[in-house]
There are 2 protein chains.
Amino acid sequence: MQPEQKLLRSVSLKVTPQRTAILHLLRESREHPGVDKVHRMILQKYPSVSLATIYKTLELFKEKGLIQEVAASARQVGYDGNPEFHPHLVCKSCKEILDMPEGDFPQEYAREASEKYGYQVKSQQLFLYGLCAECQEH
Amino acid sequence: MQPEQKLLRSVSLKVTPQRTAILHLLRESREHPGVDKVHRMILQKYPSVSLATIYKTLELFKEKGLIQEVAASARQVGYDGNPEFHPHLVCKSCKEILDMPEGDFPQEYAREASEKYGYQVKSQQLFLYGLCAECQEH
DNA sequence: ATGGGTGCAAAACATTTGCAAAAGT
DNA sequence: ACTTTTGCAAATGTTTTGCACCCAT
């Protein structure tokens with residue numbers, strides 16, 4: 001059985017081809033596509049999937065913790081099939097979002113948030129904005 | 001002369017009451033209001049300012065580096081009158097975004113991005129999501 | 001005087017909703 | 001059989017645009 005099907009079951013969601021495909025897509029790809037791009041990619045295999053389903057599915061996956069939403073900016077929101085928190089590199093030119101899986105998140109900020117502000121920190125996001133190697137040359 | 005007027009001049013923008021008020025608002029407040037909230041706040045002093053002006057002005061200020069856009073999530077985008085990069089605490093319950101000005105940004109990630117991925121890092125954002133002290137009690 | 005800025009209304013775009021039919025358990 | 005999910009179309013919400021008038025320099 002595909003790992004996506006196991007994952008869907010594990011959060012008590014019904015297994016449908018659409019869901020399996022969307023989850024598979026996000027878990028495989030190094031990209032963090034937005035709603036529209038996910039739709040276009042899914043359309044290649046399932047030509048009748050509607051945009052509304054993509055919206056509903058991504059929201060659901062996010063709630064269930066299967067994926068994470070990556071808001072690099074107001075106009076660039078992507079979805080990451082890896083729900084673990086890891087830094088993201090965002091190229092301002094080509095807009096690609098790259099994972100930087102190495103290195104744990106710094107815990108000192110979470111500790112400071114807790115000690116100084118009484119915050120109960122649940123998750124973190126670190127974005128590094130700049131130019132990727134490719135785009136520096138052009 | 002108000003510091004906002006100096007700032008506007010320093011980036012060669014004409015000084016208008018609308019711009020002065022918007023910039024002042026963002027620099028004073030601890031909040032990081034979104035487009036709509038900025039509009040409502042400005043409306044109290046200048047009842048005829050249009051939403052379109054708010055959009056145009058915020059975009060312009062961002063380009064000029066007078067403010068920074070803070071995208072805590074796809075549905076929560078705010079504007080911060082302090083363009084320096086500092087960690088942000090985001091309460092998932094009350095949606096408030098709090099600055100955490102203390103502590104420099106970790107440079108190790110930027111260095112790693114540069115060394116391993118050839119990135120030229122221009123800026124960073126760190127978000128800590130959780131519950132603020134207030135919201136933990138309710 | 002003139003170039004840039006503003007407000008309005010319309011256009012474009014993005015997201016959400018309700019519902020009937022289809023599919024999963 | 002029962003419930004959930006899907007796709008459609010409409011509704012809603014958000015952001016952008018073009019343009020005439022106004023204002024800061």
Side-chain angles (χ1 to χ4, degrees), chain A residues 1-2 4-25 33-64 66-67 69-79 95, chain B residues 1-2 4-25 33-64 66-67 69-79 95:
Chain A
M1 198 201 300
Q2 292 184 28
E4 282 78 25
Q5 306 190 340
K6 279 209 189 93
L7 274 167
L8 289 169
R9 292 236 164 82
S10 76
V11 295
S12 12
L13 289 179
K14 289 193 178 175
V15 176
T16 68
Q18 294 92 329
R19 287 180 175 169
T20 308
I22 295 172
L23 190 52
H24 182 74
L25 171 77
V35 175
D36 201 62
K37 190 156 193 187
V38 170
H39 188 215
R40 287 198 308 272
M41 292 168 95
I42 293 295
L43 237 30
Q44 304 192 350
K45 199 168 174 193
Y46 300 96
S48 66
V49 175
S50 77
L51 235 199
T53 296
I54 306 290
Y55 274 106
K56 288 168 187 166
T57 304
L58 291 174
E59 182 62 27
L60 199 54
F61 286 0
K62 186 168 54 126
E63 281 169 12
K64 297 288 189 176
L66 297 178
I67 65 176
E69 186 183 273
V70 177
S73 79
R75 283 158 208 76
Q76 191 182 2
V77 177
Y79 293 88
K95 307 295 179 194
Chain B
M1 199 202 299
Q2 290 185 30
E4 283 78 26
Q5 305 190 340
K6 280 207 186 94
L7 274 168
L8 289 169
R9 292 236 162 83
S10 75
V11 294
S12 12
L13 288 179
K14 288 192 177 174
V15 176
T16 67
Q18 294 92 329
R19 288 179 175 171
T20 308
I22 294 172
L23 190 51
H24 181 75
L25 170 77
V35 175
D36 201 63
K37 191 157 191 187
V38 169
H39 188 215
R40 287 199 306 274
M41 292 167 96
I42 293 295
L43 237 31
Q44 304 190 350
K45 198 167 174 192
Y46 300 95
S48 66
V49 175
S50 77
L51 233 198
T53 295
I54 307 290
Y55 274 106
K56 289 167 187 166
T57 304
L58 291 174
E59 182 62 28
L60 199 55
F61 285 1
K62 184 167 56 126
E63 281 168 12
K64 296 289 189 176
L66 297 178
I67 65 176
E69 186 183 274
V70 178
S73 80
R75 284 159 207 75
Q76 192 182 2
V77 177
Y79 293 88
K95 307 296 179 192

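Proteins get letters first, then strands, A, B, ... in listed order; numbering begins at 1 in each.
- If Thr53(B) and Lys56(A) are placed on DNA chain C by their nearest nucleotide, the residue sitting closer to the 5' end is Thr53(B).
- Atom CZ of Arg75(A) is separated from atom C1' of dT16(D) by 10 Å (rounded to the nearest Å).
- In this structure, Lys14(B) places its NZ atom 9 Å from P of dG3(C), rounding to the nearest Å.
- Atom OH of Tyr55(A) is separated from atom P of dA9(D) by 17 Å (rounded to the nearest Å).
- At dC23(D), none of the side-chain N or O atoms of Gln18(B) fall inside 4.0 Å of OP1 or OP2 (strictly under the cut-off).
- Separating the CD1 atom of Ile42(A) from the P atom of dG7(D) is a distance of 11 Å, rounded to the nearest angstrom.
- Computed from coordinates, the Leu13(A) CG to dT6(D) P distance equals 9 Å when rounded to whole Å.
- Backbone-only contact: Val15(A) has heavy atoms under 4.0 Å from sugar-phosphate atoms and none from a base.
- Ionic pairing of Glu59(B) and Lys62(B) is present here: one or more N-O contacts between side-chain nitrogen and carboxylate oxygen are shorter than 4.0 angstrom.
- The side chain of Thr57(B) contributes no N or O atom lying less than 4.0 Å from OP1 or OP2 of dG5(C).
- Shortest non-hydrogen contact noted between Val38(B) and Pro33(B) is CG2-CG, 3.8 Å.
- Atom CZ of Arg19(B) and atom C1' of dG4(C) are 8 Å apart (whole Å).
- Rounded to whole Å, the distance from CG on Leu51(A) to P on dA11(D) is 19 Å.
- Between Ser12(B) and Ala52(B), the one whose closest nucleotide on DNA chain C sits nearer the 5' end is Ser12(B).
- With hydrogens and angles disregarded, a donor-acceptor distance shorter than 3.5 Å links the side chain of His39(B) to the backbone of Val49(B).
- Here the closest heavy-atom approach between residue Ala74(B) and residue Val77(B) is recorded as O-CG2, 4.3 Å.
- Residues Asp36(B) and Pro17(B) both approach DNA chain D. Their nearest nucleotides, taken by heavy-atom distance, put Asp36(B) toward the 5′ side.
- The distance between atom CD1 of Ile54(A) and atom P of dG7(D), rounded to the nearest whole Å, is 8 Å.
- In terms of heavy atoms, Lys64(B) sits closest to Val11(B) at NZ-O, 3.4 Å.
- An OP1 or OP2 oxygen of dT6(C) is reached within less than 4.0 angstrom by a side-chain nitrogen or oxygen of Thr16(B).
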